[in-house]
Amino acid sequence: MTDLTTLLEVGGPVAALGGGAAYTRAKYPAVYWSAIGGPISTARLLSSYSSVMEACGLTVAPSRLRVLAVKAATRREVRPVPPRRGIIRPTSTGLRIRLRLAPGQEPADVAASAERLRHAWGVHAVYVTTIKPGVVELRLVGYDVLRRVRMPRKTDAGFLKVPVALREDATPFVRDYRTVPHQLTLGATLSGKSMYLRHLVAGLARQPVALVGIDCKRGVELAPFAARLSALATDPDEAAELLPVLVKEMEDRYDLIKARQGIAPDTPDEEITSDIWGLPESERPVPIVLFVDEVAELFLTATRKDEERRDEMVTQLIRLAQLGRAAGIYLEVCGQRFGAELGKGATMLRAQLTGRVCHRVNDEASAKMALGDIAPEAVFAACAIAPELPGLAVAGDTSGGWSRIRTPYLSLGDAAEICRESAHLVPDLSALKPFRPDVPVRLVETPAPAALPHPVTD
């Protein structure tokens, strides 16, 4: 009886401790990793590093000098040599460790064993990055960082750089317009595409750039940001008037580059290799970012007159995508559906959009249109996105690299408030003034005057 009582007294706190750890792991994975998961995984890595590397086939035969030295100093067995391990650096989401590869090894060998390393060391995922020839970095992620997104405190933000999401390896996904000038973003209803767009607009609103919007859903997506927009078209008719103005602005900027650099005026724009960033800052025109929401609405036609208008708009969009980068004009094309059946010019427009972000889509053809030409394996990852994970997407570019990302939550009211606070940054572009949206006046409720006390009378 005494032994049973002692067992119950000891087992109660142990059970409570285990239950608390399980609750913390489910609800607060970052806290669990810092307190429990990180030390356990570090101990596993240190104690089993050599044996795990040997089991994964990441060891090489020792050199003759090493064999002679071991036999001369000791009588123990000469074991294969694993990659030389660097210092383990803990992070808030996992561990980072650098490996110096043995002669004859390549980074692809380590990347092929990433799944084995994940199970051996008890982490959520392992990612391999090449630092320099012969040196790779293992980024061990302790838990699913995309389940509850928390952006890092330090991000690579800057001019025309907007951190909009978190990658699955716990690094920020930064939309850099200088590196990837144009992008195609697809997503079905409630997939998180609008949230991604909000982060882009809110991030660029604080920078000295001109924001132009084409929102054929009567402006319901971009109208809340009217205070920061230099121009807004809410239907195809207005878009047909706005796009030629942007093309004319692009041509004027090319004329400015020609005049500054002494290029002959009759030189075609396609042969000018420089851009506005080579101009002095006092003469440099302000960059323009064009947001096109529901791009399929620009392709749809009902009559022959609509077809002519569609062909003109698509041609102008393709010209902006081909030549706009050098003139400081960048495109952000968004839509629920994008395919070759939209009509003439759809595939050609897609070919000019370097960046690709695909949220959950309703058909595999849209995923193939977004990612099939750059990374066929990314199409399966995009088609596997569950509806209960809004904001999750697959991001890639024409270099062939891709990764899963997820956008953190940002309310429409907060994004609109950022645009209202940054309204003074709207640049003065005379060509876009006719398209400047009307900003509704905010009604401020005046507090009622305090009631004065009435004198007491008989």
Quick one: [atom1] on [X] to [atom2] on [Y], what's the gap to the nearest 0.5 Å?
X	Y	atom1	atom2	answer
Ile87	Arg85	CD1	CZ	9.5 Å
Ser113	Leu58	OG	CG	4.0 Å
Leu331	Ile288	CG	CD1	11.0 Å
Thr315	Arg310	OG1	CZ	9.5 Å
Arg406	Leu392	CZ	CG	6.5 Å
Leu211	Leu290	CG	CG	10.5 Å

Does [X] reach the side chain of [Y], with side-chain heavy atoms less than 4.5 Å apart?
X	Y	answer
Leu45	Ile88	yes
Thr185	Val333	no
Leu166	Pro152	yes
Val289	Val201	no
Tyr49	Pro83	yes
Val136	Ile131	no
Val212	Leu229	no
Ile257	Ile276	yes

Would you list the pairs meeting side chain to side chain donor-acceptor pair (under 3.5 Å) in which at least one residue belongs to residues 238-247, sequence neighbours left out?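 Those involving residues 238-247 are Thr234-Glu238.
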Is a side-chain donor or acceptor of [X] paired with a backbone partner of [Y] at a separation under 3.5 angstrom?
X	Y	value
Thr171	Arg167	no
Arg360	Pro390	no
Asp275	Ala327	no
Arg284	Leu279	yes
Asp169	Val141	no
Gln105	Ala102	yes
Tyr254	Leu323	yes
Asp311	Glu308	no

Taking atom types as modelled and ignoring hydrogens, do the side chains of Ser422 and Arg228 form a donor-acceptor contact shorter than 3.5 angstrom?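 There is no such pair between these side chains.
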Candidate pair Thr93 and Trp33, rule side chain to side chain contact (heavy atoms under 4.5 Å, CB included), full reasoning: CA-CA 7 Å; Thr93 57; Trp33 170 258; 5.9 Å; no
According to ring-ring contact (aromatic ring centres under 6.0 Å, His included), who are the partners of Tyr196, at least two apart in sequence or on a separate chain?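 Tyr196 satisfies ring-ring contact (aromatic ring centres under 6.0 Å, His included) with His359 once adjacent residues are dropped.
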By salt bridge (charged side-chain N to carboxylate O under 4.0 Å, His left out), which residues pair with [X], not counting sequence neighbours?
X	value
Glu283	Arg260
Arg139	none
Lys217	Glu221, Glu294
Arg253	Glu249

Option among Leu243, Asp293, Leu232 that satisfies the side-chain contact (heavy atoms from CB on, under 4.5 Å) test with Ile214: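 That would be Leu243; it is the only one of Leu243, Asp293, Leu232 passing the side-chain contact (heavy atoms from CB on, under 4.5 Å) with Ile214.
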Is the Lys NZ or Arg CZ of Arg175 less than 6.0 Å from the centre of Phe173's six-membered ring, within 45° of the axis?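 Verdict for Phe173: no cation-pi partner in Arg175.
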Considering only residues two or more places apart or on different chains, which pairs with a residue in residues 118-142 satisfy ring pair (Phe, Tyr, Trp, His ring centres under 6.0 Å)?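 Residue pairs passing ring pair (Phe, Tyr, Trp, His ring centres under 6.0 Å), neighbours aside: none found.
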Output every pair passing salt bridge (Lys or Arg N to Asp or Glu O under 4.0 Å) with a member in residues 126-138, not counting sequence neighbours, ordered by first then second residue.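 Every salt bridge (Lys or Arg N to Asp or Glu O under 4.0 Å) pair that includes a residue of residues 126-138, provided the two are not neighbours, is Arg89-Glu137, Arg96-Glu137, Arg98-Glu137.
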Which pairs pass salt bridge (Lys or Arg N to Asp or Glu O under 4.0 Å) with one or both residues in residues 118-128, sequence neighbours excluded?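 Passing the test, one end in residues 118-128: Glu115-Arg118.
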Any ion pair linking Glu417 and Arg420 (charged N to carboxylate O, less than 4.0 Å)?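 Result for this pair is yes, salt bridge flagged.
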Give a yes or no on whether a salt bridge exists between Asp414 and Arg198, defined as a side-chain N under 4.0 angstrom from a carboxylate O.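 No salt bridge links Asp414 with Arg198.
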Tell me whether the count of non-hydrogen atoms from other residues, nucleotides or ligands lying under 6.0 Å of [atom1] in [X] goes above 12.
X	atom1	result
Arg150	CZ	no
Leu412	CG	yes
Glu281	CD	no

Going through the distances and angles, do Val174 and Val164 end up as a side chain to side chain contact (heavy atoms under 4.5 Å, CB included)? CA-CA 6 Å; Val174 180; Val164 291; over 6 Å; no
Quick one: list whatever passes side chain to side chain contact (heavy atoms under 4.5 Å, CB included) with [X], sequence neighbours left out.
X	value
Pro287	Phe159, Leu160, Val209, Trp277, Tyr330
Glu364	Lys368, Val379, Cys383
Thr347	Ala340, Arg350, Met369

